[in-house]
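Naming convention: chains lettered A, B, ... in sequence-line order (proteins, then strands); numbering from 1 in each chain. Everything numeric in this text was worked out from a predicted model, so none of it was measured.
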Amino acid sequence: MDSATIRKKFLEFFESKGHKIVPSAPLVLKNDPTLLFTNSGMVQFKDNFLGNAVPQHNRIADTQKCLRVSGKHNDLEDVGLDTYHHTMFEMLGNWSFGDYFKKDAIAWAWELLTEVYQLPKDRLYVTVFGGDKGDNMPVDTDAESLWKQHISADRILYGNKKDNFWEMGEQGPCGPCSEIHIDLRSEDEVKKKPGKELVNNDHPQVVEIWNLVFMEFNRKADGSLEKLPAQHVDTGMGFERLCMAIQKKTSNYDTDVFRPLMDFIALHADNYKYGSDNKKDIAVRVMADHIRAVSFAIADGQLPSNTGAGYVIRRILRRAVRYGFSYLNFKEPFMYRLVNLLALQLKDVFPELHKQEDYVTRVIHEEEISFLRTLEKGLKRMEVFDKSISGEQAFELFDTFGFPFDLTSLIARERGLTVDEKGFQEEMQKQKSRSKADAAKETGDWVLIGEDKKTEFIGYEHLESEIRIVKYRKIKQKNKELFQLVFDKTPFYAESGGQVGDTGVIESVNEKVFITDTKKENELIVHLSERLPESFGSAFFARVDARKRELTKDNHSATHLLHAALRQVLGKHVEQKGSLVNEKILRFDFSHFAAMTPEEIEKVEAIVNEKIRANIPLNEQRNVPIEKAKSLGAMALFGEKYGEFVRVITFDPQFSVELCGGTHVSATGNIGLFKIVSESSVAAGVRRIEAVTAQGAQDFVNGSMALLDELKTLMKNPKDISASLQNLIEEKHSLEKKLEAMYQQQANLMKDELARKVSKQNGASVIVEKVSVPNADTLKNIAYALRNQFADLLLILAADIDGKPQVAVMIGEQLAATNKYHAGNMVKELAKEIDGGGGGQPFFATAGGKNINGLDAVLVKGKSLI
RNA sequence: GGGGGAUUAGCUCAGCUGGCUAGAGCGCUUCCAUGGCAUGGAAGAGGUCAUCGGUUCGAAUCCGAUAUUCUCCA
């Protein structure tokens, strides 16, 4: 059975059991402070379990893209070394929200595995929660007796709290779980040692394939458990492992999920035969695994970058390049060539990659080029080491120049150098604790005041409202205390979809508290304040900063018009890749492969302004089923998570239809004026436009006009200001040249004059004179010119440069060779006469000072030094 | 968000612990040679050493700020 069929059968099976099949959520998370990436199937349903959102179906199943690159059990550096860890993997799951519970979950799991997939019953084991004294929890006898209806008692094992009691976090929903394990070893081995003894023992071929979580408790802040009002089921089955089991392989990498990628890699690595060299095999696995994580992250809108989630993606890609570079001799970009294969392979399951193949390929290619350049520079830097490389040096290579440590030690070994790995690790540790100290953040417990229910957002209609505080908590960051408040309903818009959060105040009869920002934590709307209201029990009057909201609205609606105009002018490949909308500016990142020409920019701007003047009324539709929204032509963004019902913002159905939760003008005319301020590049294949609207645009235009007027006036109103400025620059340049030539000429004249005053003393051509020159350069020029003329020169010049004294001493080449005179020492001595100091090289030195009247004394002393 | 680098000719980069009249290769211009070429030779143009401030007799070089950029950590 191929992997596509396995996946299809899973979804069909649960559909037949009344489940709604939903698409995978994006890999990259936007509004979750505790997670960067989706790391399990339940992430997209977190709010349903926490009570922040109401599920739209009570039975759901899907396959979810997951990324595990951090945390205790899944260090990125381990992936590829063994045969079963991955960065990106698919998790098949089925959920019940207050609907069916243990009985059906267990029965269906068994039916699917043994009847649909035909997995051998005599190789399956199940575990159930064996109880925990600390929590005062008994054995999960419900699960145990339910299992006994399907499987013999000796195949049911008890698990401890660590393996068989699942918790979302320190607080919140939790419950016992039941895992299904499979023994994939050969008959001989099974005879030697029963699989039972290897369950949960990290054996690569006796593995857990499915975890059924039965959520029935809530862990409270004091650690105690309370029964949830409704029971839920949350299951997760590793797709790659399941394929391995069904396809009777001994490694995930031997399934048809990875094999096509690996064959392609091996073929291009000088037709390497996979399986013949352990190190090379690892490299092949690393590359095959990592391209999946990187490609899908980019398709979901996460570009490689140097911070946060983007940095994780960069690191994954670079790790793959590093392995290819070191072990498979890939010295040119190669990873990008795998995208096509992957996109085709998963076209039907995750179409987002196939639809953006060109873009993703391009981003990866560019990123590879830049990393290979970094490697090249590092290699060059390594050339200076000849014996040993200290920990600090290795760390500097890594930390400052991005040169990976394992490459440093690899190359060191090749060249017979030693590397201090311990020292490197110490430096690394220092850096980590530095960063951690900086990012330290303490989050307090939520303190409940009113009834904890989902906050109603009323900000589309209201900017003011009476509200009550439902709960609050304290957070501490960089020694600054902040408070997060949650209201029963709120007019404050929480930052999302690029639009910044509202600010404003909440007031009661006797106090006023400023709301400095509004954010979303998943579905929860959180208001930030610098202090806690004293009487939070009472009602407050909440007021949003209306001016700011107004300006932000203008910018947000203009962003929609811009998006539509860009697609009209540049083509349908333009997709939003990022957006920032605040009261001052709008910033829009989009996929496009070349810099926009001035004509294109002008055209886009013209279209937007035309739509503004047409004063198109806003058509806002809420709770539109997503399928219907799409059929209206609404643009859904890759990497954005949409519910089943969405809000659709339309400005002329023929022009701009977008799924959007932001706030908008009632008609485009309100925007007034739209002005593009800049167009630039953010990454390969991504351009950025910054623009202003309304008052901002007016200020921008006025500012530019004022500047232009000022320039015109300064330049006496020329016909063509640009041409005359150009002229001015050229003229200045040529004048500079002429002036320099003049000085040179002057220096020559002075040189000739000085040359006539030369006298022979002690076998040297001596000149000791006072001169007046325009600048220090000229003095230097004279000295060098005389040096070229007299090989036995001994020159002492006391110069008046614009009223400042300076002394120059020059010794001719021939005389310098005798070491009789040292210009540096001489000038130091002479400098005393002008209250200054100086120095230089043995043959030429200068000194400056404060006392212009000392020049004559310099001459006297100068003569005495000869 | 925190740390460490970098910014010098059109391009790629040298320039040590202040004291070159700031250099190299490629490219460019002109001339000469060669049957063609990624040819050979000669001469030449091209620089606000990122910007602003400071220290110093003197700053490409040291210090601070800003901008841009690379890199590591969170």
### Message
Determine whether A:E376 and A:R373 satisfy the following criterion, salt bridge (Lys or Arg N to Asp or Glu O under 4.0 Å), listing intermediate values before the conclusion.
### Response
CA-CA 5 Å; A:E376 207 177 300; A:R373 201 160 39 216; over 6 Å; no
### Task
Check whether more than 12 heavy atoms from other residues, nucleotides or ligands sit under 6.0 Å from atom NZ of A:K474, and answer yes or no.
no
### Query
Quick one: A:F398 CZ to B:rG5 P, roughly how many Å, whole number?
16 Å
### Task
Mark yes or no for a side-chain to base donor-acceptor pair under 3.5 Å between A:D399 and B:rG5, with no hydrogen or angle criteria applied.
no
### Query
Would B:rC20 be called syn or anti, given that syn covers angles within 90° of 0?
syn
### Query
Roughly how far apart, to the nearest Å, are B:rG10 and B:rG5 at atom P?
28 Å
## Note on the structure
Checking B:rA74, B:rG3, B:rG19 against the side chain of A:T846 (C-beta onward), the nearest is B:rG19
### Task
Using a cut-off of 6.0 Å, state whether more than 12 heavy atoms not belonging to A:K30 lie near its atom NZ.
yes
### Query
For A:K850 and B:rC57, what is the distance between atoms NZ and P respectively, to the nearest whole Å?
5 Å
### Message
Looking at A:R315, I'd like to know whether one of its side-chain N or O atoms comes within less than 4.0 Å of OP1 or OP2 on B:rU71.
### Response
no
### Task
Using the C1' atom as the reference point in each nucleotide, state the distance between B:rG46 and B:rU29 in Å, no decimals.
10 Å
### Message
So, under a plain 3.5 Å distance rule, would you say the side chain of A:Q431 forms a donor-acceptor pair with the base of B:rC72?
### Response
yes
### Query
If you check the A:T374 side chain, which of B:rU71, B:rA74, B:rG3 turns out closest?
B:rU71
### Message
Rounded to whole Å, how long is the line connecting atom CD of A:E392 with atom C1' of B:rG5?
### Response
17 Å
### Query
Hey, is the side chain of A:R318 poking within less than 4.0 Å of OP1 or OP2 on B:rU71, counting only N and O atoms?
yes
### Task
Using the C1' atom as the reference point in each nucleotide, state the distance between B:rA14 and B:rG47 in Å, no decimals.
15 Å
### B:rC20 versus B:rC32 - spacing of their P atoms, nearest Å
40 Å
### Query
With a 3.5 Å cut-off and no angle check, do the side chains of A:T518 and A:D502 form a donor-acceptor pair?
no
## Note on the structure
Pairing partner of B:rU56, by Watson-Crick or G-U wobble and under 3.5 Å for both distances, is none
### Task
State which of B:rG19, B:rG1, B:rC72 makes the closest approach to the side chain of A:T307.
B:rG1
### Query
Which base, if any, makes a Watson-Crick or G-U wobble pair with B:rU51, both distances under 3.5 Å?
B:rA65
### Message
Reading RNA chain B from 5' onward, which residue's closest nucleotide shows up sooner: A:R787 or A:E396?
### Response
A:E396
### Task
Would you mind telling me which of B:rA74, B:rU71, B:rG4 lies closest to the side-chain atoms of A:N306?
B:rU71
### Query
Whole Å only: how far is the NZ atom of A:K432 from the P atom of B:rG4?
19 Å
### Query
Does atom NZ of A:K436 have more than 12 heavy-atom neighbours, drawn from other residues, nucleotides or ligands, at distances under 6.0 Å?
no
### Query
Rounding to a whole Å, what distance do you find between A:K377:NZ and B:rA14:C1'?
14 Å
### Task
State whether A:F401 and A:R381 meet the cation-pi test: NZ (Lys) or CZ (Arg) under 6.0 Å from the six-membered ring centroid, and within 45° of the perpendicular axis.
yes
### Query
Closer to the 5' end of RNA chain B via nearest nucleotide, is it A:D777 or A:S433?
A:D777
### Query
Which nucleotide sits closest to the side chain of A:Q841: B:rG19, B:rC72, B:rA74?
B:rG19
### Query
Whole-Å distance between B:rU71 P and A:F371 CZ?
9 Å
### Query
Counting only Watson-Crick or G-U wobble pairs whose two distances fall under 3.5 Å, which nucleotide matches B:rC28?
B:rG44
